[in-house]
Amino acid sequence: MNPAYRRVLLKISGQSLAGEQGFGISPTAIQQTAREIAGVAALGVEVGIVCGGGNIIRGISASSEGISRATADHMGMLASVMNALALQDALERHGADTRVLSAIEINQVAEPHIRRRAMRHIEKGRIVIFAAGTGQPFFTTDTGAALRSMEIGAEVLLKGTRVDGVYDADPEKHPEARLFDRVTYADFLQQNLGVMDGTAISLCRDNKMPIVVFNMSVQGNVERVVRGEALGTRVEA
Ligand code: UDP
């Protein structure tokens with residue numbers, strides 16, 4: 001089966017890089033992720049990636065422990081830069097050509113985010129890893145992923161998580177929760193469904209960007225979703 005998409009934006013949560021250890025960067029998890037992404041790029045699909053930072057620090061949690069919210073968010077964005085560098089390294093070990101573009105200028109370690117530069121890299125077949133989310137506090141990397149998907153003209157935003165998709169309740173707390181195969185932006189927002197934040201969903205709704213939420217911890221799922229297999233939950237109009 002040929003790939004169903006020509007250009008995708010893949011959102012990887014920090015948590016999925018932590019693997020079993022639940023914190024930091026697991027060498028096994030990052031190698032497995034890199035292998036899958038390099039495999040998809042080898043099919044000729046153009047790939048942009050947004051890395052989260054929650055495996056290292058989350059602004060909301062850190063601010064509840066006494067750090068001011070904006071500072072904690074800056075720390076969270078820097079965490080996503082660390083993940084991006086680790087992922088770049090792992091991807092290169094799998095033979096992929098990559099660039100890290102950061103929304104916070106950090107020129108000694110990554111290029112600044114300039115949309116035209118990102119486009120040029122993507123058109124040359126490089127995997128572009130977007131780091132530091134939107135570059136602004138009070139946002140999440142999900143919103144950064146929504147924004148970058150539009151900027152690069154992706155056909156779909158692929159949101160990798162550790163559950164199978166969007167449920168009517170948190171499946172890790174409610175085993176009877178029901179998995180949706182499709183949900184509208186409006187229902188997602190109205191029912192306050194989890195997995196992705198409301199800002200990201202409404203940005204996608206306003207710009208007609210379809211989202212596929214799928215389980216990234218199952219080996220081979222990145223390729224399956226790119227090949228257009230009915231996997232996870234599709235969020236659309
Ligand atoms: N963050 C931010 N602005 C952004 C993106 C991220 O302030 O545009 C901060 C925020 O504190 C967030 C942290 O970076 O909690 C890590 O990102 P996120 O929680 O989205 O990571 P994930 O859950 O995907 O691992």
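Order of appearance sets the numbers: ligands from 1, and atoms from 1 within every ligand. Remember, it's a predicted structure, so these values are computed and weren't measured experimentally.
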Do Leu193 and Val212 land in one hydrophobic cluster if side-chain heavy atoms of ILVMFWY residues count as linked below 4.5 Å?
no
Check whether any side-chain heavy atom of Val45 lies under 4.5 Å from a side-chain heavy atom of Val8, and answer yes or no.
yes
What protein heavy atom lies closest to atom 5 (C) of ligand 1? Include the residue and the distance to one decimal.
Thr140 C, 3.3 Å
For atom 3 (N) of ligand 1, what's the nearest protein heavy atom and its distance?
Gln136 O, 2.7 Å
Give the residue and atom name of whichever protein heavy atom lies nearest to atom 19 (O) of ligand 1, and the separation in Å to one decimal.
Arg58 NE, 3.3 Å
Are any of the N/O atoms in Gly54 less than 3.5 Å from those in ligand 1?
yes
for atom 21 (O) of ligand 1, nearest protein heavy atom and its distance come out as Gly53 N, 3.0 Å
Looking at atom 20 (O) of ligand 1, what's its closest protein heavy atom, distance included?
Thr141 OG1, 2.5 Å
Of all the atoms in ligand 1, which lie at a distance below 4.0 Å from a heavy atom belonging to Gly14?
22 (P), 24 (O), 25 (O)
Ile211 versus Phe188: any side-chain heavy-atom pair under 4.5 Å?
no
So, do Arg148 and Val128 sit near enough that their side-chain heavy atoms are less than 4.5 Å apart?
no
If we number the atoms of ligand 1 from 1 as shown, the ones under 4.0 Å from a heavy atom of Gly52 are 21 (O), 22 (P), 24 (O), 25 (O)
Thr134: numbered ligand 1 atoms lying under 4.0 Å from its heavy atoms
4 (C), 8 (O)
Within the supplied structure, the quantity of interest is the number of heavy atoms (other residues, nucleotides, ligands) at a distance under 6.0 Å from Glu176 CD; does it exceed 12?
yes
Subset of ligand 1 atoms that lie under 4.0 Å from at least one heavy atom of Gly59:
10 (C), 11 (O), 12 (C), 15 (O)
Gly133 N/O under 3.5 Å from ligand 1 N/O
no
Could you check atom 11 (O) of ligand 1 against the protein and tell me its nearest heavy-atom contact, residue, atom and distance included?
Asp73 OD1, 2.5 Å
Could you tell me whether some N/O pair between Lys11 and ligand 1 is separated by less than 3.5 angstrom?
yes
Minimum heavy-atom distance Pro3-Leu43, with the two atoms named:
CG-CB, 4.0 Å
How does Ile57 reach ligand 1, if at all, at less than 4.0 Å between non-hydrogen atoms: by side chain, backbone, both, or neither?
backbone
Grouping I, L, V, M, F, W and Y whenever their side-chain heavy atoms are under 4.5 Å apart, do Val50 and Val81 come out in a common cluster?
no
Proximity flag Gly144 to ligand 1, non-hydrogen atoms under 4.0 Å:
no
Would you tell me whether Thr98 and Gln88 have side-chain atoms, one donor and one acceptor, within less than 3.5 Å of each other?
yes
Quick one: nearest non-hydrogen protein atom to atom 13 (C) of ligand 1, plus distance?
Gly76 CA, 3.6 Å
Looking at Gly22 and Gln15, what are the two nearest heavy atoms and their distance?
O-OE1, 3.1 Å
Is there a chain of hydrophobic side chains (I, L, V, M, F, W, Y, each step under 4.5 Å between heavy atoms) that links Val235 to Val225?
no
For residues 27-35, tabulate all N or O donor-acceptor pairs below 3.5 Å that involve a side-chain atom, not counting sequence neighbours.
unit_1: Gln32; atom_1: NE2; unit_2: Glu36; atom_2: OE2; d: 3.0
unit_1: Thr33; atom_1: OG1; unit_2: Ala29; atom_2: O; d: 2.8

Suppose we measure from atom 2 (C) of ligand 1 to each protein heavy atom; which comes out shortest, and what is that distance?
Phe139 O, 3.1 Å
